Amino acid sequence: MSRALVVLSLGLVAFRVLSAAFFVTQPGFTDAYYYVDVAQRLAHGQGLTADFVWNFLEAPRLADLPVPSHRFWMPLATVVQATGIAALEPILGTFRSAQAAFIPAAAYVSARSIGASSRAALVAAALAGLGGFTFAPAWVTLDSFAIAALVGTFFFVSFGRAAAGDVRAGAIAGALVGLLFLARAEGALFGVALLALAIRPSSRLSGMAGSAVALAIGIAWLARGLVLPGSPATAFAKGVFLVRYEDFFALSPSGTADLATLIGVRVSALWSDIVVALAALLLFLAVPLFLGLRTGWRLPAVRAFAALALLIYIAEGLIWPLHATRGSYFHSLAAFFPFAMALVALGGETWLARFEQSGRQLATYGTLGAVLVLAVFGLTNWDASFNEPYRARVAALEVIPPGPFLAIDAAAWRWISDRSVLIAPADGPETAACVAIHYRMQSLVLEPAHFSAYQALYDGTGSPWFGQRAERGGIRVYSLNGNPGCLSPDQLIR
């Protein structure tokens, strides 16, 4: 079956190339823009720094540009992309050289590790590689999806061996937890499975080895955050205690919440995350996943998968509810998806064993066909959701005066304009004017999607601090008109 896997992988690589060529032609959303913006600087010897500000968490007390990057997001996607840019940028250009993912082989290996036949493992590889509606575009974005998928999948494979007492496998599992943490902050929770191994006498050494390696990687990154100016607690507080997402982008968050509101936000997030998980499983794969879990429950890796999936679901909903409902939980599912497809293949194979070969083939090819159709639909949806706004921004670029400016999505505009861009603070025009004066900026760019405090300005009511200069396709450009009597940065930020 090795030849079949190679042929399948080459076919899926071709599908990925076509996806990147015709649909995912630019980063798309803030996270991805951020990673590649910083990756360019890292590849060109400027370190983990940013000459833009996507959130004032990275510019405490309105620090001068460039600022240290990755005070909120994790660095692994940027480091991987920077490696590709440094090696291949002269040939492929920045965006293409930063794209790299190979999911099918990981799904194949994981399916075989839990007892699926080689044919079922090929089905798992195809399901994971296609990705369906949700992950078809994700696998080729400049984000952590593909990295987390590969690292998470091989964690479960190595965990199975570590559970049998293999110390080397335990250390590898620990390194993978560390890498997953560097890809996604919630990846640190995978270390709970290593602690469980350390409790059991038969796997104590492997669990301790894995825990030590994971802690070493995690502590090294956290130490970097502690030596940077500003308090790391600010990012945690903004991620946990806010109930209005806009306040995450404000210098002085205005929202207040009582206990009932805090609970309500979390209940809503838990329900929303269930819908996201079912969508990622394309609904009809939930049943074979359950059957795969039941069939492979005797295996430590399968039990770890179920426990960690539940733990991540609860943590995302209860600790980071605002971020979970805006993509964080969907991002976290990438680490589980290939192994989930391995379980789907195992469960499907077990259930289909009662049917004739023709029935098994019909069910298998029908499932693969449906996933392929959904994958194509997901790619076309990406085009409508992200490429159209990108083209509108490119068209509006010519009416933005030269020099740095304020905008709602600073990371995206940094990529498009190749200029320094700062987030227009969610506090509103008066605070935006003070930020513009501090950073010597003269322009504010508002898009149809903007923070609510700018609605009056966007509607044309006007502001004593900004006057409209130009408009292109709903994107409006304003010039700074006056000084609202700005306070010092320490007074401006509460």
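The residues of the chain are indexed from 1 along the displayed sequence. What you see below is based on every heavy atom in this structure, not just the backbone, and it leaves out hydrogens, waters and symmetry mates. What you see is a predicted model, and the numbers here were worked out from it, not measured in a lab.
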Examine distances only and state if a side-chain atom of Ser110 and a backbone atom of Ala107 form a donor-acceptor pair shorter than 3.5 Å. yes

Minimum heavy-atom separation for Val213 and Ala175, please, with both atom names. CG1-N, 3.5 Å

Pairwise distance CG(Leu179) to CE(Met74) - rounded to 0.5 angstrom: 11.0 Å

Any side-chain heavy-atom pair from Pro404 and Tyr439 closer than 4.5 angstrom? no

Residue of the set Phe23, Phe133, Trp382 for which ring-ring contact (aromatic ring centres under 6.0 Å, His included) holds with Phe377: Phe133

Taking all non-hydrogen atoms of both residues into account, name the closest pair between Pro321 and Leu318 and its distance. CD-O, 4.0 Å

Does some side-chain heavy atom of Leu444 sit less than 4.5 Å from a side-chain heavy atom of Leu480? no

Ser417 and Ile400: CA distance, side-chain angles, deciding distance, side chain to side chain contact (heavy atoms under 4.5 Å, CB included) verdict: CA-CA 10 Å; Ser417 68; Ile400 302 175; over 6 Å; no

Judged by atom type as modelled, is there a donor-acceptor pair below 3.5 Å linking the side chain of Arg41 to the main-chain atoms of Thr49? yes

Closest non-hydrogen atom pair between Ile475 and Ala392, with its separation: CD1-O, 3.6 Å

Given side chains that start at C-beta, do those of Tyr313 and Leu270 come closer than 4.5 Å, heavy atoms only? yes

Going by heavy atoms in the side chains, are Pro425 and Tyr454 under 4.5 Å from each other? yes

Leu127 side chain reached by Thr367 side chain, heavy atoms, under 4.5 Å: yes

Within the structure provided, determine whether Trp73 and Thr78 are in side-chain contact (heavy-atom separation under 4.5 Å). no

Looking only at atom types and distance, does a side-chain atom of Asp143 sit under 3.5 Å from a main-chain N or O of Phe145, one as donor and one as acceptor? no

Residue Arg469 excluded, over 12 heavy atoms near CZ under 6.0 Å: no

Shortest non-hydrogen pair, Phe451 vs Ile408, comes out as CD1-CD1, 3.6 Å

Between the side chain of Asp37 and the main-chain N/O of Ala50, is any donor-acceptor distance below 3.5 Å? no

Is the Phe405-Phe52 ring centre distance short of 6.0 angstrom? no

To the nearest 0.5 angstrom, please state how far the CG atom of Leu180 sits from the CG atom of Leu76. 9.0 Å

Taking the side chain from Glu58 and the backbone from His70, do they hold a donor-acceptor pair closer than 3.5 Å? yes

Using the side chain to side chain contact (heavy atoms under 4.5 Å, CB included) rule, take Leu62 and Leu251 through it: C-alpha gap first, then chi angles, then the decisive distance, then the call. CA-CA 10 Å; Leu62 303 185; Leu251 282 168; 4.1 Å; yes

Polar side-chain atom of Ser144 near backbone of Ala77 as donor-acceptor pair, under 3.5 Å: no

Tell me, do Ser452 and Glu246 make a side-chain contact under 4.5 Å, heavy atoms counted? yes

Evaluate side chain to side chain contact (heavy atoms under 4.5 Å, CB included) for Gln40 paired with Asp418, printing each intermediate quantity in order. CA-CA 11 Å; Gln40 283 183 296; Asp418 197 26; 5.8 Å; no

Cationic tip of Arg476 within the cone over Tyr458's six-membered ring, i.e. under 6.0 Å and within 45° of the normal? yes

Please tell me whether Glu186 and Tyr329 have a donor and an acceptor in their side chains that are separated by less than 3.5 angstrom. no

Nearest-0.5 Å distance, CZ of residue Phe284 to CG of residue Leu374: 5.5 Å

Between atom CZ of Arg266 and atom CH2 of Trp320, what is the distance when rounded to the nearest 0.5 Å? 11.5 Å

Pair Tyr34-Phe72, side chain to side chain contact (heavy atoms under 4.5 Å, CB included): steps then yes or no: CA-CA 11 Å; Tyr34 179 91; Phe72 181 77; over 6 Å; no

In short, Ala340 meets Leu289 closest at the heavy-atom pair O-CD1, 3.7 Å

Mind checking the CG-CZ spacing from Asp31 to Arg326? Nearest 0.5 Å is all I need. 13.0 Å

Among Phe56, Trp54, Trp413, the one residue meeting side chain to side chain contact (heavy atoms under 4.5 Å, CB included) with Ile423: Phe56

Return yes if some donor-acceptor pair links the side-chain N/O of Arg472 with the main-chain N/O of Ala396 below 3.5 Å, else return no. no

Just so I know, are the side chains of Ser328 and Arg184 near enough to count as touching, which here means a heavy-atom distance under 4.5 Å? yes

Is there a donor-acceptor pair closer than 3.5 Å between any side-chain N or O of Ser272 and the backbone N or O of Ser268? no

Heavy-atom closest pair, residues Leu379 and Val24: CD2-CG2, 4.3 Å

ring-ring contact (aromatic ring centres under 6.0 Å, His included) test vs Phe339 passes for just one of Phe155, Phe156, Tyr108, namely Phe156

Calculate, to the nearest 0.5 Å, the distance between atoms CD1 and CD belonging to Ile437 and Gln442 respectively. 8.5 Å

Which class fits the ring pair Tyr245 and His323: parallel under 30°, tilted 30 to 60°, perpendicular over 60°? perpendicular

